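When a ligand or atom number is given, it counts from 1 through the structure's own listing order. Since the structure is predicted, the reported quantities are computational estimates derived from the model, not experimental observations.
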Amino acid sequence: MGKLIIFDEQKKVFHLKNNFYSYVIQIVMDKYLLHRYWGKPLREFRDSAALTMMDRGFSPQPEEINHDRRFSLDVLPREYPDTNHGDFRTPAYQIMLADGTTATEFGYNGYRIYEGKPAIKGQPHSFDKAGQCETLEIELISVNNDLKIFLNYTIFPDSNALVRSVKFVNIGTENVKLLNAGSLSLDFTDHDFIRYSLYGGHAAERSLERSELFRGIQENSSTRGASSHQQSPFIALARRNADEHQGDVYGFSLIYSGNFSIRTEVEQFGTTRVVAGINPANFTWTLEKGESFETPEGVMVYSADGLNGMSKCFHNFWQKHLVRSKHVNELRPILVNNWEATYFDFNEEKILELADCAKELGIELVVLDDGWFGKRNDDNSSLGDWFVNREKLPAGVAGISEKVRAKGLKFGLWVEPEMVSVDSDLFRAHPDWTIHSNAVKSSYGRNQLILDLGRAEVREYVIKVISDAIKEAKVDYIKWDMNRHMTEPFSNALPADRQLEASHRYIMGVYEIMEAITSRFPDILFESCSGGGGRFDAGMMYYMPQAWVSDNTDAVCRLKIQTGTSLVFPPATMGCHVSVVPNHQVGRITPLNFRGLVAMCGAFGYEMDICRMSDEDKAEVKEQIKLFKDIRPMVQQGEFTRLKSPFAGNDTAWSFTSKDGSRMAVMYFRILSQMAPEVGYLKLQGLEPNALYRISTFKMPEHAHEVNESYLKSNDIEGKEFYGDELMNFGLTITPALLDFAAYMWIIEKIG
Ligand code: GLA
């Protein structure tokens with residue numbers, strides 16, 4: 001028996017409990033697994049809210065219950081529900097037996113509680129370096145003794161997260177087919193929740209959707225071969241009275257980067273089922289005898305402290321229990337990326353000039369983006385031909401890396417290993433290596449196709465050619481891109497009846513090459529990317545500790561994109577760059593200080609021609625870099641809090657508290673100036689009420705002095721001292737700046 005998981009033999013109850021939550025599972029009739037409770041920790045589960053057992057019309061009974069009409073699987077709160085066998089709600093899984101039967105019957109067959117947790121083979125998964133987590137494995141067996149299902153639950157002493165995964169094992173003599181293999185499922189006893197999810201598009205990722213839970217099924221999903229820009233593998237159910245700072249919130253996220261589905265169903269009696277996992281659309285998996293299949297992990301977080309509380313749990317959990325990179329807790333280098341500065345039009349000279357300017361400004365890393373290989377002068381060719389273009393870089397990647405590094409800077413490189421351009425030597429040599437079907441014409445995106453990474457020979461090639469390209473030069477950082485979604489999911493290496501395995505096999509192939517390359521080059525800082533934030537998920541985060549948030553670098557759009565991303569991921573994981581105005585994506589003109597402060601709220605950098613700036617702007621960039629170096633530990637290693645939401649109006653505010661609580665940086669952004677402006681009072685969070693703090697820095701919006709000098713001066717509180725309780729309950733004044741795109745910043749130091 002573990003410290004965190006107890007099994008009550010008599011009541012047949014598993015109670016998983018730490019300081020943050022209790023989770024209770026009950027076995028009834030020695031067969032069925034019921035979900036009984038998830039929420040605030042309970043001293044002991046004694047079943048005060050006993051199950052309602054009553055005859056419900058059209059809800060069937062299992063045969064062994066026979067005439068007791070009060071028992072129906074269609075009504076009970078279940079832990080991992082099947083389908084076509086008495087429960088009409090959204091199932092967690094479905095298996096087709098050899099004879100075509102799609103109903104299955106499983107019963108409880110034992111459990112195991114052990115320290116540590118299983119590593120999921122070939123897939124990203126959470127871990128516990130301290131070895132203090134405990135796992136409950138519940139075994140189910142089919143009535144025909146031909147299949148087993150293992151449900152894994154891992155609880156950590158230091159986290160609000162509960163990690164779940166499922167393993168199917170074929171112990172029979174015939175092949176069966178998984179039609180659906182969810183990672184997690186549970187039933188809430190009511191539907192009194194607000195449902196949050198993240199939606200978007202290319203260059204418009206992760207907007208916040210807030211909706212009522214309605215009777216019926218609501219689903220967030222992807223069939224794009226990637227987790228996608230359009231939907232994120234995350235939802236939260238928040239109690240109606242919960243807000244950012246208080247109230248019960250239940251968050252769900254998947255450690256998976258492919259086609260996913262997260263469904264909620266409010267059924268006839270008002271209960272709510274949540275099911276999450278690989279999207280059953282476009283998925284089957286043949287399980288031959290003796291074989292097993294493991295689902296991706298699902299992470300469930302319970303927070304009593306509102307949406308911020310949930311986000312903090314996710315942030316801490318990923319950083320401590322998921323991101324493998326040695327850079328996870330390190331400060332991320334300030335970079336300049338040449339993409340928006342030059343696009344494909346660069347040569348060694350231009351990049352070295354950029355490096356000189358970077359050095360002068362205090363930038364630490366120069367990233368060479370797309371276009372350094374094959375004959376890639378636009379996005380129509382050469383993916384797959386990972387050989388340096390000597391016209392652009394006569395001394396090769398090795399040469400330019402050496403020259404950049406000789407200036408005391410780090411060097412980074414862009415790659416897109418999963419793809420092949422139709423116009424490439426690789427495609428001409430191996431047209432069959434792509435995901436495509438000869439029965440229909442292929443759809444194109446950027447004139448490129450996706451390599452069939454389900455095939456071992458393709459994976460081997462990619463691992464070798466990318467490793468060689470990296471090995472040739474000294475590379476400190478890699479941006480790993482993926483720039484189209486999957487169409488015609490078909491693999492020439494699979495038989496007809498296994499074609500619906502292609503999408504999952506692809507993402508498993510991606511994981512295998514990422515595993516090989518990231519472990520071969522452990523010193524490299526990897527940033528994942530998919531046309532910006534098209535694969536910003538926990539699966540990628542296992543291999544790569546940061547991701548490019550969006551191809552949209554407009555600071556106003558970024559307020560929403562970064563806020564949406566922060567629901568699940570911390571600032572250290574978010575690549576955020578300052579770019580030129582008018583902005584290349586939306587044409588907006590915003591002041592440099594506004595762009596700077598927005599980008600400073602993550603893994604900071606520039607993505608513009610930093611050599612072609614006025615002296616005034618250069619001086620300002622130097623100041624920004626100096627400031628960022630000061631606040632970087634708070635932003636990237638501290639605790640992040642959302643104080644005002646851009647989804648609610650004109651203003652956004654975020655704070656970043658240092659690990660030891662001694663410093664806090666507060667950012668406030670007001671997008672448009674207003675007539676009759678609101679005088680905002682920003683109440684801070686997370687300070688010690690009785691500690692004394694000094695406002696050591698206060699930055700007002702650029703040019704604000706000219707427009708409203710006397711008023712602003714009266715609100716300049718730099719150098720003043722306040723107790724934490726006043727800053728949290730009375731707050732700071734947000735002086736209307738009478739100009740658009742106003743950015744404010746305070747640095748607050750604890751002095752006693
Ligand atoms: C994607 C990335 C961009 C850039 C281009 C290069 O769109 O998101 O940042 O690297 O590819 O083609």
Heavy atoms only, cut-off 4.0 Å: how does [X] contact ligand 1, side chain, backbone, both, or neither?
{"X": "N337", "value": "neither"}
{"X": "D481", "value": "side chain"}
{"X": "R446", "value": "side chain"}

Point to revise | Exercise: identify the closest heavy-atom pair between Q546 and A572 | key: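 That would be CB-O, 3.9 Å.
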
Check your understanding: Which heavy atom in L592 sits nearest to a heavy atom in Q624, and how many Å separate them?
Key ->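 That closest heavy-atom pairing would be O-NE2, 3.0 Å.
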
Top protein contact for [atom], by heavy-atom distance:
{"atom": "atom 4 (C) of ligand 1", "value": "D369 OD1, 3.4 Å"}
{"atom": "atom 3 (C) of ligand 1", "value": "D551 OD1, 3.3 Å"}
{"atom": "atom 9 (O) of ligand 1", "value": "K479 NZ, 2.7 Å"}

Point to revise | Any N or O of E607 closer than 3.5 Å to N or O of ligand 1 | key: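 No, since none of the N or O atoms of E607 sits under 3.5 Å from an N or O of ligand 1.
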
Exercise for review: For ligand 1, find out whether one of its N or O atoms is nearer than 3.5 Å to an N or O atom of F344.
Suggested key: no

Exercise for review: Find all atoms of ligand 1 within a distance of less than 4.0 Å from any non-hydrogen atom belonging to D370, and give their numbers and elements.
Suggested key: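 This gives 6 (C), 12 (O) as the contact atoms.
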
Practice item. Run the numbers for me: atoms of ligand 1, each under 4.0 Å from some heavy atom of G531, listed by number. Key: 1 (C), 7 (O), 8 (O)

Exercise for review: Determine if the SG-SG distance between C357 and C611 falls under 2.5 Å.
Suggested key: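 Yes, C357 links to C611 through a disulfide.
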
Check your understanding: Any salt bridge between E205 and K560, counting N to O under 4.0 Å?
Key ->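 Salt bridge absent between E205 and K560.
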
